[in-house]
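Below is one structure, written out as structure tokens; comments come after it.
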Amino acid sequence: TPSAIQTCVAQNCAPVDVVVANVLSGYCTSDNAVNFVGSPGGGSFLLNGQASSGTFDPGTATPGTYTLQYEYSQGSCEYSSQLYEFVVTENPTPAITGDSFICPGTSSTLTATNGFNSYVWNNGSTEQSITVSPSEETNYTVSVTNAAGCIGTAAFTVSPAPQQTLNITTGTGNTFI
């Protein structure tokens, strides 16, 4: 927990540690709502300088930087916590490119969008690209992580084209394939 900064407006105020628990340095837009806990209880929150309930939902927030402060009064003494700063980052939205239909015995190279810190495919690979040659329709997914630790997922289906049989009959009854 970061150290508390005490501000006393009135004279003869006893020192009081005013802190906020549950504040992380960053949130992803997919994170659940968080309830900040101010101590001592009974104070009020300011989010970006505006009165706040102390509940913050990253999923409805605009990505960017936020500040949080907790104010507490005891008699005529007013106290404030330090100014906490945190960042909301949008979850990545990767895409996968590659051939969705392949000829039997061939392969398709699937490539996830460039620029992420990590890649994890459902086949276990941790590379940006994988080469696949499924014998039946197969779904591939990749989970990517950006620099803020936010995760996004994309899916792609690869199907082998059905084998075709070609029969050509000549006027002499010979068949060529």
Side-chain angles (χ1 to χ4, degrees), residues 1-5 7 17-72 79-102 107-160:
T1 301
S3 62
I5 296 175
T7 305
D17 286 334
V18 180
V19 295
V20 180
N22 297 343
V23 182
L24 301 177
S25 61
Y27 298 91
C28 301
T29 54
S30 64
D31 289 343
N32 292 326
V34 61
N35 291 313
F36 300 122
V37 179
S39 177
S44 59
F45 291 95
L46 295 174
L47 182 65
N48 289 343
Q50 303 295 315
S52 169
S53 68
T55 297
F56 181 76
D57 186 354
T60 60
T62 303
T65 302
Y66 291 80
T67 58
L68 178 73
Q69 193 164 28
Y70 182 69
E71 296 180 336
Y72 172 75
Y79 304 90
S80 295
S81 70
Q82 75 174 56
L83 192 63
Y84 297 86
E85 186 174 280
F86 58 89
V87 176
V88 174
T89 303
E90 194 164 342
N91 286 73
T93 53
I96 300 172
T97 58
D99 294 325
S100 56
F101 291 98
I102 59 172
S107 61
S108 176
T109 298
L110 305 182
T111 302
T113 310
N114 189 28
F116 298 110
N117 287 33
S118 70
Y119 300 82
V120 178
W121 293 85
N122 63 329
N123 70 353
S125 174
T126 57
E127 300 297 322
Q128 181 185 352
S129 297
I130 60 172
T131 300
V132 299
S133 38
S135 58
E136 61 186 21
E137 181 176 280
T138 305
N139 295 318
Y140 296 92
T141 59
V142 65
S143 294
V144 300
T145 304
N146 63 17
C150 301
I151 297 172
T153 303
F156 195 88
T157 301
V158 178
S159 301

Could you tell me whether the side chain of [X] and the main chain of [Y] form a donor-acceptor pair under 3.5 Å?
| X | Y | value |
| --- | --- | --- |
| Asn122 | Thr141 | yes |
| Asn139 | Thr157 | no |
| Tyr84 | Val23 | no |
| Asn91 | Thr29 | yes |
| Asn146 | Phe116 | no |
| Glu71 | Ser80 | no |
| Gln69 | Ser81 | yes |

Which heavy atom of [X] sits nearest a heavy atom of [Y], and at what distance?
| X | Y | answer |
| --- | --- | --- |
| Ser108 | Val158 | CB-CG1, 4.4 Å |
| Leu68 | Val20 | CD2-CG1, 3.9 Å |
| Pro58 | Cys28 | CB-O, 3.3 Å |
| Pro160 | Glu137 | CD-N, 3.8 Å |
| Thr89 | Ala148 | OG1-CB, 3.6 Å |
| Leu47 | Ser52 | CB-CB, 3.7 Å |

Rounded to the nearest 0.5 Å, what separation is found between the [atom1] atom of [X] and the [atom2] atom of [Y]?
| X | Y | atom1 | atom2 | result |
| --- | --- | --- | --- | --- |
| Thr131 | Leu110 | OG1 | CG | 7.5 Å |
| Tyr79 | Tyr72 | OH | OH | 8.0 Å |
| Glu127 | Thr111 | CD | OG1 | 11.0 Å |
| Thr65 | Glu85 | OG1 | CD | 5.5 Å |
| Thr109 | Ile96 | OG1 | CD1 | 13.0 Å |
| Thr145 | Tyr119 | OG1 | OH | 10.0 Å |

Restricting to side chain to side chain contact (heavy atoms under 4.5 Å, CB included), what partner residues turn up for Ser39, sequence neighbours left out?
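Val19.
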Pairs flagged by ring pair (Phe, Tyr, Trp, His ring centres under 6.0 Å) wherever residues 26-67 is involved - sequence neighbours left out:
Tyr27-Phe86, Phe36-Phe86, Phe45-Tyr70, Phe56-Tyr66, Phe56-Phe86, Tyr66-Phe86
